[in-house]
A.B. asks: 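Dumping the structure here so I can ask a few things about it.
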Amino acid sequence: MKNAIAQLVQQALDALKQDGTLDADIVPTIKIERTRDKQHGDFASNVAMMLAKKAGCNPRELAQKILQHLPQSADLVKAEIAGPGFINFFLAADTSQRVIEQILAAGEAYGRSDIGKGKSVQVEFVSANPTGPLHVGHGRGAAYGASVADLLEAVGFDVHREYYVNDAGRQMDILATSVWLRYLELCGEEISFPVNAYKGDYVWDIAATLHRENADELRHSRESVFFGIPVDEPEGGDKEIHIDAVIDRARALLGDKQYRQVFELGLNTIREDIRRDLEEFGIVYQDWYSEHSLMHSGAVDNAIERLKMSGHVYEENGALWFKSTDFGDEKDRVIVRDNGQTTYFASDIAYHAEKLERGFDRVIDVWGADHHGYVPRVRAALQALGDDDKKLDVLLVQFAILYRGGEKAQMSTRSGEFVTLRELRHEVGNDAARFFYVMRKCEQHMDFDLDLAKSQSSDNPVYYIQYAHARVCSVQRQLEEKNLPRDIGRGQANLSLLTETHEQDLLTAMTKFPEIVEKAAIIHEPHQLAHYLRELANFVHTYYNAHTFLVDEENLRDARMNLIEAARQVLANGLRLLGVSAPESM
RNA sequence: GCCCCGGUAGCUCAGCAGGAUAGAGCAAUCGCCUCCUAAGCGAUAGGUCGGACGUUCGAAUCGUCUCCGGGGCGCCA
């Protein structure tokens with residue numbers, strides 16, 4: 001409808017160019033907007049104010065001339081000048097009533113569009129280290145990334161969801177070592193567990209599996225493990241040096257094969273656990289991309305070689321540095337350490353270069369806001385490699401800070417004191433969790449009040465929206481129970497009976513849905529959809545309270561049934577995009 | 001010190017690709033179930049949009065400065 005009105009305005013402007021009121025070389029961008037206030041009609045344009053200066057007359061005069069040249073249209077009942085020079089457009093009642101037909105015909109497809117048609121986009125999100133179960137902080141990136149991906153798909157993009165598995169770094173060695181030490185304890189060894197090792201219960205579980213499958217085969221005495229190892233923090237040592245030494249010892253005692261066995265048991269167990277967790281949360285990935293596979297395939301070395309060729313690499317203090325300051329980064333970054341190991345950053349350069357090589361038109365990374373300093377160096381690397389870093393969007397999600405009983409709750413994977421995403425899902429339900437996470441724009445710090453989220457109170461708007469959906473379903477059940485006939489065609493033929501203010505409000509709200517989906521997708525803001533659904537649900541509840549749907553008059557009843565069925569469909573489609581279910585009864 | 005995010009009603013937040021009188025939920029007060037689920041609806045009350053300057057016909061929205069709060073600045077990942 002926006003486009004249709006814009007075309008009418010365009011024709012009027014062309015006419016004004018013909019008669020010399022406007023210079024022929026003016027190419028205005030015609031903006032048609034939804035009005036905020038019903039008194040201002042349905043749509044408004046500010047072209048007259050934008051062009052008044054160039055036309056050499058005041059905005060209202062120009063608006064008047066535009067109106068004189070505006071072609072007739074069956075969609076519009078009137079167009080008028082208002083305020084400082086706005087042109088307000090009033091839709092004919094049957095124009096908005098027609099949306100019911102569109103919705104009933106399109107069903108689940110209503111709201112979808114093809115503005116992204118033929119374009120592929122990769123969305124990488126969560127990508128938490130597989131060193132433990134996902135916690136509540138990861139949940140926000142998960143819900144947000146999933147909704148962004150689903151929205152993009154809804155507007156026609158070919159979407160590829162990907163999880164980058166950091167299965168190659170030091171943290172994974174710490175995990176493997178933690179598992180092994182717990183295993184030794186299960187074998188009966190008395191171990192002083194390192195401060196820096198992973199302490200969660202899940203480590204015990206993995207160790208138990210290891211012990212079940214291998215009995216004491218991987219056992220070494222406490223003395224042989226800790227002999228000559230620098231002391232840990234509680235004894236006045238350095239916890240980092242201590243854990244690194246224990247890792248080296250584990251490797252030496254177990255040998256490559258056995259160490260790898262422990263390592264992979266830990267990795268696979270946790271990665272599968274995360275995969276299941278997210279799947280239960282309604283999130284399915286097309287690919288779980290392994291960092292280790294990047295290194296194994298030579299992609300990392302290859303990327304480093306290409307960087308060298310580009311001339312933006314130098315050696316210093318035995319390490320290899322990427323001169324990212326050439327591209328605006330605040331300092332240069334190490335890509336190969338003095339011990340010969342490549343850094344995480346080196347892997348990430350290779351990974352991002354590889355993403356672009358795969359041919360995606362757009363690449364989206366959803367990261368925690370604590371990684372924001374990381375963005376310039378990744379862009380720098382892509383530029384150095386001659387790749388187009390403009391294809392990359394990095395969306396930073398601020399932390400969700402947990403509150404319990406009014407107090408900040410601490411989270412740390414290593415200390416094992418955290419609330420897992422799974423716990424949260426089980427306590428508040430997947431629907432509430434998904435909705436709650438995307439209710440606020442991602443740059444907003446989020447206070448996640450666990451008590452509030454756990455209490456299934458009406459404070460949580462997800463119930464409000466779901467209830468609107470369930471209410472419509474309930475009316476439909478009532479219709480059947482009362483053996484009232486339902487004739488969709490008769491309803492369609494009598495839409496003109498829907499003249500109540502509440503009905504018009506609901507119709508207008510439903511026509512906005514495709515615009516909301518499009519906007520939310522393009523600017524990556526699912527919260528806009530969340531707010532819209534709340535508003536739509538409000539119109540449904542208000543209408544429900546103000547009017548009876550199951551009236552005796554058949555024509556009106558069928559028209560109203562069609563209207564609320566359309567509203568139900570829009571609610572369901574919107575909730576689906578946010579990963580929230582649309583229950584038929586509550 | 002540098003960088004990112006936030007500062008809008010008592011509380012939690014929308015609005016910010018400039019537009020008309022700044023909106024919602026919660027909390028408060030008052031109403032509405034012999035009637036399709038009251039997990040609902042209606043009404044009242046509540047604001048110098050942190051502050052200053054600038055750009056503009058027009059600024060909560062854009063720019064600069066400043067104050068306050070949160071976070072980030074590793075040869076960790």
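Keep in mind that what you see is a predicted model, and the values were worked out from it rather than measured. No hydrogens, no waters, no symmetry mates; every other heavy atom, side chains included, goes into these values.
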A.B. asks: Heavy atoms under 4.0 Å, any strand shown: does A:M561 hit a base, just sugar-phosphate, or nothing?
C.D. replies: nothing
A.B. asks: Taking any strand in view, what nucleotide pairs with B:rG69 in a Watson-Crick or G-U wobble way, both distances under 3.5 Å?
C.D. replies: B:rC5
A.B. asks: Base, sugar-phosphate, or nothing for A:S347, non-hydrogen atoms under 4.0 angstrom?
C.D. replies: nothing
A.B. asks: Can you tell me how far P of B:rG23 sits from CZ of A:F539, to the nearest Å?
C.D. replies: 14 Å
A.B. asks: Between B:rU37, B:rC36, B:rG15, spot the one nearest the side chain of A:R477, thanks.
C.D. replies: B:rU37
A.B. asks: If we call it a pair only when both distances are under 3.5 Å in a Watson-Crick or G-U wobble match, what pairs with B:rG23?
C.D. replies: B:rC13
A.B. asks: Measuring only the C1' atom in each nucleotide, how far is B:rG40 from B:rG47? A whole number of Å is fine.
C.D. replies: 29 Å
A.B. asks: Take atom C1' in B:rA52 and the same atom in B:rC67, then report the distance between them in whole Å.
C.D. replies: 11 Å
A.B. asks: Is the base of B:rC4 syn or anti, if syn means a glycosidic angle within 90° of 0?
C.D. replies: anti
A.B. asks: Looking at A:R36, I'd like to know whether one of its side-chain N or O atoms comes within less than 4.0 Å of OP1 or OP2 on B:rU21.
C.D. replies: no
A.B. asks: Less than 4.0 angstrom between a side-chain N/O of A:R440 and OP1 or OP2 of B:rC13, yes or no?
C.D. replies: yes
A.B. asks: Using a 4.0 Å heavy-atom cut-off across all strands, classify A:E480 as base, sugar-phosphate, or nothing.
C.D. replies: nothing
A.B. asks: Reckon A:T542 touches a base, only the sugar-phosphate, or nothing at all at heavy-atom distances under 4.0 Å?
C.D. replies: sugar-phosphate
A.B. asks: Verify the contact: side-chain N or O of A:H371 to OP1 or OP2 of B:rC73, cut-off strictly under 4.0 Å; return yes or no.
C.D. replies: no
A.B. asks: Can we call the ring centroids of A:Y532 and A:F513 under 6.0 Å apart?
C.D. replies: yes
A.B. asks: Under the criterion side chain to side chain contact (heavy atoms under 4.5 Å, CB included), which of A:T343, A:L320, A:V300, A:V313 is the partner of A:V336?
C.D. replies: A:L320
A.B. asks: Using the side-chain heavy atoms of A:R534, tell me which of these nucleotides is nearest: B:rC57, B:rA38, B:rG25.
C.D. replies: B:rG25
A.B. asks: Just name whichever nucleotide pairs with B:rC41, Watson-Crick or G-U, keeping both distances under 3.5 Å, else none.
C.D. replies: B:rG31
A.B. asks: Suppose you measure atom C1' in B:rC62 against the same atom in B:rG19; what distance do you get, rounded to whole Å?
C.D. replies: 14 Å
A.B. asks: Salt-bridge test for A:K323 and A:D329: reply yes if a basic N is under 4.0 Å from a carboxylate O, no otherwise.
C.D. replies: no
A.B. asks: Between B:rG46 and B:rA28, how far is it from one C1' atom to the other, in whole Å?
C.D. replies: 10 Å
A.B. asks: Has the side chain of A:H372 got a donor or acceptor atom sitting under 3.5 Å from an opposite partner on the base of B:rC3?
C.D. replies: yes
A.B. asks: A:D393 and A:R362: salt bridge (Lys or Arg N to Asp or Glu O under 4.0 Å), yes or no, with the steps?
C.D. replies: CA-CA 8 Å; A:D393 270 324; A:R362 296 213 66 78; 3.0 Å; yes
A.B. asks: Which value, in whole Å, describes the distance between the C1' atoms of nucleotides B:rU8 and B:rG50?
C.D. replies: 10 Å
A.B. asks: Please tell me which of the listed nucleotides, B:rG15, B:rA77, B:rC75, lies nearest to the side chain of A:A319?
C.D. replies: B:rC75
A.B. asks: Is there a Watson-Crick or G-U wobble partner for B:rG46 with both distances under 3.5 Å, and which nucleotide is it?
C.D. replies: none
A.B. asks: Counting Watson-Crick and G-U wobble pairs only, both distances under 3.5 Å, name the nucleotide matched with B:rC53, or none.
C.D. replies: B:rG63
A.B. asks: What nucleotide among B:rC75, B:rA20, B:rG70 has an atom nearest to a side-chain atom of A:H445?
C.D. replies: B:rG70
A.B. asks: Counting distance alone, no hydrogens or angles: does the base of B:rA20 have a donor or acceptor under 3.5 Å from a partner atom on the side chain of A:N46?
C.D. replies: no
A.B. asks: What nucleotide among B:rA77, B:rC5, B:rG19 has an atom nearest to a side-chain atom of A:M50?
C.D. replies: B:rG19
A.B. asks: Would you classify A:D167 as touching base, sugar-phosphate or nothing, given that sugar-phosphate means primed atoms plus P, OP1 and OP2, and contacts are heavy atoms under 4.0 Å?
C.D. replies: nothing
A.B. asks: Which whole number of Å gives the distance between the P atom of B:rG18 and that of B:rC76?
C.D. replies: 46 Å
A.B. asks: Mind checking A:K519 for me? I need base, sugar-phosphate or nothing, with any heavy atom below 4.0 Å counting as a touch.
C.D. replies: base
A.B. asks: Would you say A:K38 places a side-chain N or O within less than 4.0 Å of OP1 or OP2 belonging to B:rU21?
C.D. replies: no
A.B. asks: With both distances under 3.5 angstrom, what nucleotide forms a Watson-Crick or G-U wobble pair with B:rG18?
C.D. replies: none
A.B. asks: For A:T343 and B:rA77, is the shortest distance between a side-chain N/O and OP1 or OP2 below 4.0 Å?
C.D. replies: no
A.B. asks: Please determine whether the number of non-hydrogen atoms from other residues, nucleotides or ligands lying under 6.0 Å from atom NZ of A:K512 exceeds 12.
C.D. replies: yes
A.B. asks: Side chain of A:A82 only, heavy atoms from C-beta on: which candidate in B:rA20, B:rC4, B:rG6 is closest?
C.D. replies: B:rA20
A.B. asks: Please tell me which of A:G373 and A:Q476 maps to the more 5' nucleotide of RNA chain B, matching each residue to the nucleotide holding its nearest heavy atom.
C.D. replies: A:Q476
A.B. asks: Check every strand shown and say whether A:A470 touches a base, only sugar-phosphate, or nothing at a heavy-atom separation below 4.0 Å.
C.D. replies: base
A.B. asks: Under 4.0 Å between a side-chain N/O of A:R337 and OP1 or OP2 of B:rA77, yes or no?
C.D. replies: yes
A.B. asks: Going by distance alone, is a donor N or O of one side chain under 3.5 Å from an acceptor N or O of the other, for A:Y543 and A:D505?
C.D. replies: no
A.B. asks: Looking for any heavy atom pair under 4.0 Å, which part of the strands does A:N339 touch: base, sugar-phosphate only, or nothing?
C.D. replies: nothing
A.B. asks: Kindly say if A:S474 contacts the phosphate of B:rU37, meaning a side-chain N or O under 4.0 Å from OP1 or OP2.
C.D. replies: yes
A.B. asks: Under the 5.5 Å and 30° test, is A:H531 stacked on the base of B:rA14?
C.D. replies: no
A.B. asks: Answer yes or no: does a side-chain N or O of A:K441 lie under 4.0 Å from OP1 or OP2 of B:rU12?
C.D. replies: no
A.B. asks: Consider the side chain of A:Y467, meaning its heavy atoms from C-beta on, and name the nucleotide among B:rC41, B:rA39, B:rU21 that approaches it most closely.
C.D. replies: B:rA39
A.B. asks: Taking atom C1' in both B:rG7 and B:rU44, compute the distance separating them and give it to the nearest angstrom.
C.D. replies: 29 Å
A.B. asks: Please tell me if A:Q444 has a side-chain N or O lying less than 4.0 Å from either OP1 or OP2 of B:rA14.
C.D. replies: yes
A.B. asks: If each of A:Q478 and A:Q528 is mapped to the nucleotide of RNA chain B with the nearest heavy atom, which maps nearer the 5' terminus, i.e. the 5' end?
C.D. replies: A:Q528
A.B. asks: Regarding A:Y544, tell me which of base, sugar-phosphate or nothing describes its non-hydrogen contacts under 4.0 Å with the strands shown.
C.D. replies: base
A.B. asks: Using the C1' atom in both, what is the distance from B:rG25 to B:rU21, to the nearest Å?
C.D. replies: 22 Å
A.B. asks: Hey, are A:D365 and A:H352 close enough side-chain-wise for a donor-acceptor pair under 3.5 Å?
C.D. replies: yes
A.B. asks: When all nucleic acid strands are considered with a 4.0 Å heavy-atom cut-off, which category describes A:A52: base, sugar-phosphate, or nothing?
C.D. replies: nothing
A.B. asks: Does A:M439 reach the side chain of A:P526, with side-chain heavy atoms less than 4.5 Å apart?
C.D. replies: no
A.B. asks: Check the distance between B:rC36's P and A:H502's NE2 and give it to me in whole angstrom.
C.D. replies: 18 Å
A.B. asks: Could you please name the option among B:rC75, B:rC36, B:rA77 that lies closest to any side-chain atom of A:Q171?
C.D. replies: B:rA77
A.B. asks: Is the distance between the ring centroids of A:Y163 and A:F125 less than 6.0 Å?
C.D. replies: no
A.B. asks: Is A:D37 touching bases, backbone alone, or none of the nucleic acid, heavy atoms closer than 4.0 Å?
C.D. replies: base
A.B. asks: Would you say A:Y464 stacks on B:rA39, if stacking means ring centres under 5.5 Å apart and planes within less than 30 degrees?
C.D. replies: no
A.B. asks: Is the shortest distance from a Lys or Arg side-chain nitrogen in A:D167 or A:R271 to a carboxylate oxygen in the other one below 4.0 Å?
C.D. replies: no
A.B. asks: Using a cut-off of 4.0 Å on non-hydrogen atoms, how would the nucleic acid contact of A:D370 be classed: base, sugar-phosphate, or nothing?
C.D. replies: sugar-phosphate
